[in-house]
Novice: 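Pasting in a structure now, in structure tokens, and then I'll have a few things to ask.
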Amino acid sequence: MPAPAAVLHTLLTAYGPQHWWPARTRFEVMIGAVLTQNTAWTNVEQAMAQLRAAVPLTASDLLALPPDRLEQLIRPSGYFRLKTRRLRSLCQWFVAAGEFSALDRLPTTELRPKLLAVHGVGHETADSILLYAFERPVMVVDAYTRRIFSRLGEVSPRIAYEPLREWLEAQLGEERRVARYNELHALLVRHAVVSCRARPRCESCVLRQNCATAKTA
DNA sequence: AACCAGGAGACAT
DNA sequence: ATGTCTCATGGT
């Protein structure tokens with residue numbers, strides 16, 4: 001069994017289904033993907049709670065907010081000036097593109113470049129949106145993914161984003177791709193954030209000692 | 001009380 | 001093409 005498929009099986013057995021993405025609507029997935037850039041999810045939750053309390057979470061309602069007001073609302077998630085610009089550029093694109101009703105009709109090969117062209121949307125943010133908001137079969141690669149598979153000896157720790165994503169997708173096969181990519185990414189985060197952080201010395205790690213947290217292997 | 005978090009872009013080499 | 005710096009708050 002290829003390593004990524006074995007890791008998926010091991011983590012799924014250990015932790016169970018994760019039911020990702022943790023958001024209430026497809027649009028919230030997009031907002032959350034920007035807010036969580038290099039930021040702990042607990043901080044994002046605080047920002048999302050303030051946003052929900054202030055306005056309906058739609059692109060046009062967010063664009064109607066004065067930027068300095070939006071800054072204050074998302075402040076708990078950090079980088080609040082930066083992320084305000086990024087949220088606004090994402091919302092402007094989303095509205096101009098006709099929102100989900102129009103974008104759902106596009107093939108992934110057209111949708112992905114359009115997302116990547118939005119200022120502030122990089123590889124991981126684009127792919128998170130594609131997988132979790134559009135349910136497209138695109139594997140999400142994050143720092144944990146690279147760390148874990150390199151510590152398992154499967155890839156170089158310096159492997160770039162695209163080669164790693166393509167390798168993972170090839171290894172994971174052609175069946176139930178959206179569900180499997182969804183579950184694997186969620187489980188990798190769950191493993192690193194909950195299990196590795198709770199047990200920094202990796203007692204009874206389901207994968208392998210030092211697979212995710214330690215800075216130096 | 002340093003250290004880090006579910007990155008991305010600008011800029012230099 | 002590949003490195004380094006900046007951006008900011010909250011939890012450990």
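Predicted model, so just to flag it, every value in this text is computed and none were measured. Every chain is numbered from 1, with letters handed out A, B, ... down the list of sequences.
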Novice: Could you tell me whether A:Gly78 contacts a base, only the sugar-phosphate backbone, or nothing, with contacts defined as non-hydrogen atoms closer than 4.0 Å?
Specialist: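 A:Gly78: base contact, heavy atoms under 4.0 Å.
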Novice: Let's see if you can work this out: which of B:dG6, C:dG11, B:dG7 has an atom nearest to the side-chain heavy atoms of A:Leu82?
Specialist: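 Looking only at side-chain atoms, A:Leu82 lies closest to B:dG7.
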Novice: In whole angstrom, give the distance that lies between atom CD1 of A:Ile159 and atom P of C:dA1.
Specialist: 17 Å
Novice: Indicate if A:Trp41 and A:Phe80 have the same hydrophobic cluster label, given that clusters are the connected sets of ILVMFWY residues with side-chain heavy-atom separations under 4.5 angstrom.
Specialist: yes
Novice: Students often get this wrong, so: under 4.0 angstrom with heavy atoms, is A:Val44 touching a base, only sugar-phosphate, or nothing?
Specialist: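 A:Val44: no heavy atom of the nucleic acid under 4.0 Å.
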Novice: Do the two ring centres, one from A:Phe27 and one from A:Phe100, sit under 6.0 Å apart?
Specialist: no
Novice: Restricting to pairs with a member in residues 89-108 of chain A, which pass side chain to side chain donor-acceptor pair (under 3.5 Å), not counting sequence neighbours?
Specialist: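 Found A:Arg26-A:Asp104, A:Thr108-A:Arg136.
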Novice: Out of A:Asn38, A:Thr39, A:Thr84, which one pairs with A:Tyr79 under the side chain to side chain donor-acceptor pair (under 3.5 Å) rule?
Specialist: A:Asn38
Novice: Nearest whole Å is fine: how far is B:dG7 C1' from A:Leu115 CG?
Specialist: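 Rounded to whole Å, this separation is 15 Å.
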Novice: Could you check whether A:Trp41 and the base of B:dG6 form a stacked pair, meaning centres closer than 5.5 Å and planes differing by less than 30°?
Specialist: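 Yes; centroid distance and tilt both under limits.
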Novice: Between A:Leu35 (CG) and B:dA8 (C1'), how many Å, whole number?
Specialist: 14 Å
Novice: Using the side-chain heavy atoms of A:Arg197, tell me which of these nucleotides is nearest: B:dG7, B:dA5, C:dA8.
Specialist: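 Nearest to the side-chain atoms of A:Arg197, counting from C-beta on, is B:dA5.
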Novice: Say you pick atom C1' in C:dA8 and the same atom in B:dC4; how far apart are they, in whole Å?
Specialist: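 It comes out at 13 Å once rounded to the nearest Å.
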Novice: Could you check A:Val121 against A:Ala33 and say which one's nearest nucleotide on DNA chain B is further toward the 5' end?
Specialist: A:Ala33
Novice: Does the side chain of A:Asn38 get closer than 4.0 angstrom to OP1 or OP2 of B:dG7 through an N or O atom?
Specialist: yes
Novice: Once you round it to whole Å, what is the distance between P of B:dG6 and CZ of A:Arg190?
Specialist: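 Nearest whole value for this atom pair: 14 Å.
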Novice: Report yes if at least one side-chain N or O of A:Gln46 is closer than 4.0 Å to OP1 or OP2 of C:dG11; otherwise report no.
Specialist: yes
Novice: Would you say C:dA8 has OP1 or OP2 under 4.0 Å from some side-chain N or O of A:Arg81?
Specialist: yes
Novice: Counting only side-chain heavy atoms from C-beta out, which of C:dG10, B:dA8, B:dG6 sits nearest to A:Asp142?
Specialist: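 In terms of side-chain proximity for A:Asp142, the closest of C:dG10, B:dA8, B:dG6 is B:dG6.
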Novice: Taking all non-hydrogen atoms of both residues, which atom of A:Arg146 and which atom of A:Ala160 are closest, and how far apart?
Specialist: NH2-C, 3.8 Å
Novice: With sugar-phosphate meaning primed atoms plus P, OP1 and OP2, does A:Ala47 contact a base, only sugar-phosphate, or nothing at under 4.0 Å between heavy atoms?
Specialist: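 Contact class for A:Ala47: none.
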Novice: Would A:Tyr161 count as stacking on B:dG7 if stacking means ring centres less than 5.5 angstrom apart and planes tilted under 30 degrees?
Specialist: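 No, aromatic ring not over the base.
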Novice: When the distance from CG of A:Asp127 to P of B:dG6 is rounded to whole Å, what number comes out?
Specialist: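 Distance check: A:Asp127 CG to B:dG6 P gives 18 Å.
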Novice: With sugar-phosphate meaning primed atoms plus P, OP1 and OP2, does A:Thr145 contact a base, only sugar-phosphate, or nothing at under 4.0 Å between heavy atoms?
Specialist: nothing
Novice: When the distance from CG of A:Asn43 to P of B:dC4 is rounded to whole Å, what number comes out?
Specialist: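 From A:Asn43 CG to B:dC4 P: 16 Å.
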Novice: Is there a side-chain contact between A:Arg147 and the phosphate of B:dC4, meaning an N or O under 4.0 Å from OP1 or OP2?
Specialist: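 For B:dC4, neither OP1 nor OP2 has a side-chain N or O of A:Arg147 closer than 4.0 Å.
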Novice: Whether A:Thr39 contacts C:dT9 is assessed here as follows: a side-chain N or O lying under 4.0 Å from the phosphate OP1 or OP2. Is that the case?
Specialist: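 A:Thr39 to C:dT9 OP1/OP2: no side-chain N or O under 4.0 Å.
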Novice: Tell me whether the count of non-hydrogen atoms from other residues, nucleotides or ligands lying under 6.0 Å of CD in A:Glu166 goes above 12.
Specialist: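 Enclosed: over 12 neighbouring heavy atoms sit under 6.0 Å from CD of A:Glu166.
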Novice: Among the candidates C:dG11, B:dG6, C:dT9, find the nucleotide nearest to the side-chain atoms of A:Arg75.
Specialist: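 Closest of the options to the side chain of A:Arg75: C:dT9.
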Novice: From C-beta outward on A:Phe80, which listed nucleotide comes closest to its side chain: B:dG6, C:dT9, B:dG9?
Specialist: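 Nearest nucleotide to the side chain: C:dT9.
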Novice: Heavy atoms under 4.0 Å, any strand shown: does A:Val140 hit a base, just sugar-phosphate, or nothing?
Specialist: nothing
Novice: Tell me every residue that passes side chain to side chain donor-acceptor pair (under 3.5 Å) with A:Arg190, counting only those two or more places apart in sequence or in another chain.
Specialist: A:Ser195
Novice: Within this structure, what is the CZ-to-C1' distance between A:Arg85 and B:dG7, rounded to whole angstrom?
Specialist: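 Rounding to the nearest Å, CZ of A:Arg85 and C1' of B:dG7 are 15 Å apart.
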Novice: How many whole angstroms separate atom OH of A:Tyr79 from atom P of C:dT9?
Specialist: 11 Å
Novice: For the side chain of A:Arg158, starting at C-beta, report the closest nucleotide among B:dA10, C:dG3, C:dG10.
Specialist: C:dG3
